[in-house]
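These numbers come from a predicted model, not from an experiment.
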Amino acid sequence: MTDSSSFFNPEISINSGQMFQWHKINDSWYGVYGDHILKFSFRKSSSYSECHSPEYGDFEFYSYPELEKWESRLFRLDDDIEKILSGFSHDALVSEAIREYPGLRLLRQEPHQCMFSFVCANNTSITMIRRMLSNLSRKFGSKVIYDGKEFFTFPTANTLHRATLSEICTCGPGYRSTSIKALAKSLVREELDVKHLMRLSYEHAKEHLMEIHGIGNKIADCILLFSLEKLEAFPIDIWITRALFNYYGWLNQNKDNETIRYNRDKITPKQYTQISETIRRYFGKYAGYAQQFLFYHMREEVGREW
DNA sequence: GTACAGGCAGTAT
DNA sequence: ATACTGCCTGTA
């Protein structure tokens with residue numbers, strides 16, 4: 001743990017926009033992970049924030065019901081982070097972001113929860129996404145009392161499948177409600193199966209996901225990256241589009257040497273595919289990690305200028 | 001009032 | 001095949 005890139009900061013990782021159902025109560029963070037409630041706290045005796053960046057030992061991890069070593073799973077501590085990040089040394093912007101945000105990690109989410117979460121994330125704000133998911137958990141999840149506080153687990157695909165469209169609508173997803181129903185149906189019928197998707201290649205898994213109503217290029221890439229172990233997935237949302245437009249001008253040429261034109265906010269599905277291929281070749285099989293740092297950099301440093 | 005928020009599907013070309 | 005357009009809903 002000598003390289004600054006190996007520091008581990010769960011707080012910044014949780015707050016980097018991948019995760020929607022976490023919040024801080026007093027000095028602890030609580031989150032919903034499928035049917036488990038997770039919690040971590042700063043170890044009081046640690047010198048974190050005094051003179052060094054946080055490390056693994058500065059935190060204590062809890063869960064209910066007990067989930068063995070969940071922190072290793074969620075924060076991907078099993079990845080060789082130094083090796084992965086050193087693979088981006090040819091890129092100045094990502095390298096800068098890695099130095100700027102030591103301890104930022106890609107998170108490994110619970111797959112079903114991840115799928116529903118990003119279906120809800122279609123064309124809306126983080127605040128609204130959090131509200132929808134909270135409402136869905138409250139209405140269709142199970143109540144759990146932990147640390148004397150009330151939590152609700154994430155609803156199962158079965159429950160959401162049995163729920164009526166209007167019941168789901170009362171949780172606030174609007175037109176995304178039909179997408180939630182479509183996803184629940186595919187999962188219950190096992191037309192969409194997590195273990196199967198994990199075994200498939202990135203491309204084939206993505207094809208399957210995109211057959212679901214409400215899952216397009218971007219949402220499929222989020223699901224693949226955050227829950228299906230496809231670390232080459234590189235979700236291109238509006239922030240990443242802006243980053244690519246502003247800092248990666250060379251991307252604007254396709255293989256026929258034609259200039260790809262797009263205004264800085266929108267890309268077409270064809271452009272998405274083209275840019276995705278190029279950027280994955282450029283960043284390699286862990287492109288998703290690069291995306292994570294780019295995304296966070298854009299939100300933190302450039303966000304207020306837009 | 002209306003523009004916008006971490007895209008998408010349906011329809012028109 | 002590719003481009004254009006409307007969309008739930010709450011907030012600024």
Please state how far atom [atom1] in [X] lies from atom [atom2] in [N], giving the value in whole angstrom units.
{"X": "A/Asn123", "N": "B/dC4", "atom1": "CG", "atom2": "P", "value": "12 Å"}
{"X": "A/Arg242", "N": "B/dA5", "atom1": "CZ", "atom2": "P", "value": "6 Å"}
{"X": "A/Arg130", "N": "C/dT11", "atom1": "CZ", "atom2": "P", "value": "15 Å"}
{"X": "A/Ile267", "N": "C/dC4", "atom1": "CD1", "atom2": "C1'", "value": "16 Å"}
{"X": "A/Lys181", "N": "B/dC8", "atom1": "NZ", "atom2": "P", "value": "22 Å"}
{"X": "A/Tyr272", "N": "B/dA9", "atom1": "OH", "atom2": "P", "value": "13 Å"}
{"X": "A/Ile275", "N": "B/dG7", "atom1": "CD1", "atom2": "P", "value": "14 Å"}
{"X": "A/Ile180", "N": "B/dA9", "atom1": "CD1", "atom2": "P", "value": "14 Å"}

Kindly indicate whether a cation-pi arrangement holds for A/Arg242 with A/Trp239, taking the cut-offs as under 6.0 Å to the six-membered ring centre and within 45° of the axis.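 Yes, a cation-pi geometry.
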
How far does the [atom1] atom of [N] sit from the matching atom of [M], given to the nearest Å?
{"N": "C/dG6", "M": "B/dT2", "atom1": "P", "value": "15 Å"}
{"N": "C/dC8", "M": "B/dT11", "atom1": "P", "value": "13 Å"}
{"N": "B/dA5", "M": "C/dA3", "atom1": "C1'", "value": "23 Å"}

5'-most contact on DNA chain C: A/Thr127 or A/Asn122, nearest heavy atom basis?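 Between the two, 5'-proximity favours A/Asn122.
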
Test for a donor-acceptor pair under 3.5 Å between the base of C/dG6 and the side chain of A/Tyr175, counting only N and O atoms.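 Donor-acceptor pair under 3.5 Å: no.
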
Aromatic ring proximity A/Phe140/A/Phe154, centre distance under 6.0 Å: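 No, the ring of A/Phe140 stays outside the 6.0 Å limit from the ring of A/Phe154, centre to centre.
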
When all nucleic acid strands are considered with a 4.0 Å heavy-atom cut-off, which category describes [X]: base, sugar-phosphate, or nothing?
{"X": "A/Ile240", "answer": "nothing"}
{"X": "A/Ile236", "answer": "nothing"}
{"X": "A/Phe20", "answer": "base"}
{"X": "A/Lys218", "answer": "base"}
{"X": "A/Cys169", "answer": "nothing"}
{"X": "A/Arg131", "answer": "sugar-phosphate"}

Counting neighbours of CD on A/Glu190 that are heavy atoms of other residues, nucleotides or ligands and sit closer than 6.0 Å, is the number greater than 12?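 Atom CD in A/Glu190 is not crowded, with 12 or fewer foreign heavy atoms closer than 6.0 Å.
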
On DNA chain B, check which nucleotide each of A/Phe226 and A/Ile215 is closest to and give me the residue with the more 5' one.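 Closest to the 5' end, via its nearest nucleotide, is A/Phe226.
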
Both A/Cys222 and A/His213 contact DNA chain B. Which one's nearest nucleotide lies toward the 5' end?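 Looking at DNA chain B, the more 5' nearest nucleotide goes with A/Cys222.
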
Check the hydrophobic clustering (I, L, V, M, F, W, Y; side-chain heavy atoms under 4.5 Å; chains of links allowed) and say if A/Val188 and A/Ile180 are grouped together.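 No, no single cluster joins them.
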
If you measure only the distance, is there a donor-acceptor pair under 3.5 Å linking the side chains of A/Ser227 and A/Glu110?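 No.
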
Pair A/Arg76 + A/Asp79, salt bridge at N-O below 4.0 Å: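 Salt bridge between A/Arg76 and A/Asp79, a charged N being under 4.0 Å from a carboxylate O: yes.
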
Go through C/dC8, C/dT2, B/dG7 for me and flag the one nearest to the A/Arg176 side chain.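 That would be C/dC8.
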
Measure from the side chain of A/Thr268, starting at C-beta and using heavy atoms only, and say which of C/dG10, B/dG10, C/dA3 lies closest.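 That would be C/dA3.
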
Using Watson-Crick or G-U wobble geometry with both distances under 3.5 Å, which nucleotide pairs with C/dT5?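 Check on C/dT5: paired to B/dA9, both distances under 3.5 Å.
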
